[in-house]
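Data block below; observations after.
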Amino acid sequence: MTKKKNRSMIQRRLIPTYIFLIICSFISVFPLYWMIAAATNSSLNVARGSIAFGNQLMVNFANLKNAVQGTLWSSMGNSFLYSIVQTVVTLFVCSIAGYGFELYHDKGKDRLFGILLLAMMVPAVATMVPLYGLVSKAKLLNTVWAFILPGISTPFMIMMFRQNSRNFPPDIMEAARIDGLSEWKIFFKMYVPVQKSIYAAAAVITFMNAWNAYMWPKVVMSDNRAQTMPMFIANISSGYTVDYGMTMLGVLFCSLPTMIVFFILQKQFAEGITGSVK
Amino acid sequence: MYIHGKWLAHFPFLKERVDIVEKKKKGMTLAKKQLAAGWLFLTPATILIFIMSFYPIIQAFITSFKTGKGINIKFADPLTYNYSRMLQDVIFKTSMKNTFLYLIVEVPIMLIFAILLAQLLNNKDLKFKGLFRTCIFLPCATSLVSYSLIFKSMFATQGLINSILLKIGIISENINFLGTASTARAIIIIALIWRWTGYNMVFYLAGLQNIEYSVYEAAKIDGANGWKTFWYITVPLLKPTIVMTAIMSINGTLQLFDESVNLTSGGPANQTITMSHYIYNQAFGQGVGNFGYTSAMSFIVFIMVAILAFINLKVGDTRD
């Protein structure tokens with residue numbers, strides 16, 4: 001009886017906390033709800049401040065399909081292609097590097113790692129112009145390579161894989177070597193399977209970053225047929241008169257894949273962003 | 001092998017020695033193979049970082065002393081021409097001021113909110129924890145362009161916020177939020193706080209999980225109230241995380257681009273433009289393409305980010 005009373009007293013004391021959290025949750029979710037509602041309304045209704053669902057979804061969709069020379073589906077396809085290629089290549093390159101730095105480490109490699117970490121100091125905006133020159137000289141503008149190359153190898157990802165390689169026992173590698181497994185086989189057959197959760201976290205974070213990338217694609221993907229989804233929605237809303245309903249539907253299209261990834265893999269997402277901080 | 005055999009027949013005591021040498025030889029090739037594999041694993045990542053980060057930043061540094069457009073680019077006279085030009089450039093100065101304003105106002109508010117939310121969500125007796133966490137974390141799932149456009153539409157002169165304020169009666173006619181410098185800056189800051197508070201909260205939640213719950217119980221027994229435990233237990237124990245998130249946020253704010261481009265287009269009249277946005281405009285905007293000058297400006301951003309990263313590495317070192 002007293003226990004029950006105690007518990008209800010604790011909950012009563014938490015009421016201000018609940019109210020505060022409800023307000024914060026509402027503020028966090030409302031703009032996203034509004035985006036969905038606006039996508040079903042005419043531009044006029046959106047401007048009037050309607051927050052209920054409307055019946056203009058199909059009209060907005062028809063307008064969206066014709067926007068920016070009808071590049072909705074190609075932009076969507078490009079974004080998927082670039083992000084998936086980016087994720088696969090990044091995971092491979094950074095995981096072997098992190099694995100190599102941790103499990104084969106010696107003085108030379110540790111020093112090299114220290115040098116690579118310096119790349120964290122280099123902001124994207126400072127390398128943008130020289131990299132543009134490099135990419136255009138290599139005739140890679142408007143290709144998937146232009147999109148992915150600067151983002152494949154990052155100190156953050158290498159560090160994340162390195163930190164998480166610490167729990168992989170070197171004794172097992174020794175044993176595998178005695179059994180005659182090559183170094184690459186040890187990596188693929190033994191390391192990769194036990195590190196699945198790290199790969200999942202790294203994949204989620206890389207995919208999200210690639211999908212959301214904006215400044216660099218804007219520099220190298222000048223062709224409308226090569227543009228990504230964020231570029232597409234930026235284009236449809238940059239005119240003098242903006243069709244809010246259509247724009248919000250575009251924004252919804254651009255957000256759906258990352259939202260789905262977020263809801264399915266929220267744990268991995270959280271692990272990914274806190275990744276190398278352990 | 002044959003020679004060995006022949007000699008060994010005469011000097012049987014040598015056999016042991018030979019075996020050791022043979023073993024060592026074999027062992028060395030294996031070790032060499034391992035060494036080679038080790039370096040091979042690092043090679044792609046290393047080459048990419050050198051080509052995609054180190055080479056361009058050196059290139060940017062050299063270009064920052066040049067002037068002229070296209071193939072007519074040559075070393076400036078005097079060499080520091082671009083750097084002295086920056087000091088005269090009103091828009092660059094505005095962009096720097098804006099960037100620092102966003103930084104000084106947004107980062108502390110956001111981090112305090114994030115740490116407070118994490119602390120509240122770390123309560124054992126709280127119900128619907130997962131739901132609250134998901135809701136507050138949700139803005140992270142939107143792309144920077146997406147949320148910029150959402151906020152742009154919500155705060156439009158003919159938009160949701162204006163119509164709500166009108167209905168409540170706080171204002172009597174529509175306000176052009178994004179057309180006025182001060183409100184436009186405020187909206188960028190509000191949008192940034194909305195997008196990144198949940199992101200930072202996740203770091204604090206992870207950090208709080210490392211603090212034993214018994215520490216809080218002990219504090220409670222000693223009669224410490226909520227605020228006291230927050231200031232004297234949570235904040236000190238989370239210090240490394242706080243420093244790290246602060247540096248990350250400052251770094252991100254220094255490089256702010258998407259929001260400036262899509263929310264306000266830098267306007268009105270470049271009053272809300274950020275450094276990255278201005279550099280982009282000077283490099284790739286219509287009819288500009290002054291790579292020497294943009295390289296000089298971007299090198300200033302590089303120095304700021306580098307100082308921060310250096311502090312970060314130093315702090316990271318002491319944490320272990």
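In the text below, chain A, chain B and the rest are named by the order of the sequence lines, each starting its count at 1. Remember, it's a predicted structure, so these values are computed and weren't measured experimentally.
Residues A:Val125 and B:Phe257 form no side-chain contact, since every pair of their non-hydrogen atoms from C-beta on lies 4.5 Å or further apart. Considering only heavy atoms from C-beta on, A:Leu21 stays 4.5 Å or farther from B:Phe128 through its side chain. Annotation: side chain of A:Ile115 is in contact with side chain of B:Phe50 (closest heavy-atom distance under 4.5 Å). Looking at B:Leu42 and A:Leu116, their side chains never come closer than 4.5 Å, going by heavy atoms from C-beta outward. The side-chain heavy atoms of B:Phe132 and A:Thr17, taken from C-beta on, include no pair separated by under 4.5 Å. The side-chain heavy atoms of B:Lys127 and A:Tyr18, taken from C-beta on, include a pair separated by under 4.5 Å. Annotation: side chain of B:Val145 is not in contact with side chain of A:Cys254 (no heavy-atom distance under 4.5 Å). You'll find the side chain of A:Thr127 stays beyond 4.5 Å of the side chain of B:Tyr55, heavy atoms only.
In this structure, A:Thr258 contributes its side chain and B:Ala141 its backbone to a donor-acceptor pair below 3.5 Å. Side-chain atoms of B:Tyr280 do not come within 3.5 Å of backbone N or O of A:Val219 as any donor-acceptor pair. Using modelled atom types, no side-chain atom of B:Lys167 and backbone atom of A:Gly49 make a donor-acceptor pair closer than 3.5 Å. Without hydrogens or angle criteria, A:Gln11 side chain to B:Asp125 main chain gives a donor-acceptor distance under 3.5 Å. Remark: side-chain polar atoms of A:Ser153 are paired, donor with acceptor, to backbone N or O of B:Ala45 under 3.5 angstrom.
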Cut-off 3.5 Å, no hydrogens considered: what does the side-chain donor-acceptor table look like for residues 293-311 of chain B, sequence neighbours left out?
unit_1: B:Tyr293; atom_1: OH; unit_2: B:Asp89; atom_2: OD2; d: 2.6
unit_1: B:Thr294; atom_1: OG1; unit_2: B:Asn290; atom_2: O; d: 3.1
unit_1: B:Thr294; atom_1: OG1; unit_2: B:Phe291; atom_2: O; d: 3.0
unit_1: B:Ser295; atom_1: OG; unit_2: B:Phe291; atom_2: O; d: 2.8
unit_1: B:Ser298; atom_1: OG; unit_2: B:Thr294; atom_2: O; d: 3.3
unit_1: B:Ser298; atom_1: OG; unit_2: B:Ser295; atom_2: O; d: 3.0

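When the candidates A:Leu32, A:Val46, A:Ile152 are compared by the number of heavy-atom contacts under 4.5 Å with chain B, A:Leu32 comes out ahead. The candidate from A:Met231, A:Met157, A:Met259, A:Arg177 with the greatest count of non-hydrogen atom pairs under 4.5 Å with chain B is A:Arg177. By number of non-hydrogen pairs under 4.5 angstrom with chain B, the leading residue of A:Leu112, A:Leu44, A:Ile158, A:Asn209 is A:Leu112. Among A:Phe26, A:Phe113, A:Trp34, the residue making the largest number of heavy-atom pairs under 4.5 Å with chain B is A:Trp34.
For chain B, the nearby parts of A:Ile27 are the backbone and the side chain; heavy atoms of each come within less than 4.5 Å. Using a 4.5 Å cut-off between heavy atoms, A:Leu14 contacts chain B through its side chain alone, with no backbone atom that close. In this structure, the portion of A:Met35 lying under 4.5 Å from any heavy atom of chain B is its side chain and not its backbone.
Classified by interplanar angle (parallel below 30°, tilted 30° to 60°, perpendicular above 60°), the ring pair B:Phe41/A:Tyr99 is perpendicular.
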Q. Yes or no on side chain to side chain contact (heavy atoms under 4.5 Å, CB included) for B:Ile51 and A:Leu134, after CA distance, side-chain angles and deciding distance?
A. CA-CA 9 Å; B:Ile51 298 178; A:Leu134 210 71; 3.8 Å; yes
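Atom CE of A:Met215 sits about 8.0 Å away from atom CG of B:Asp258, to the nearest 0.5 Å.
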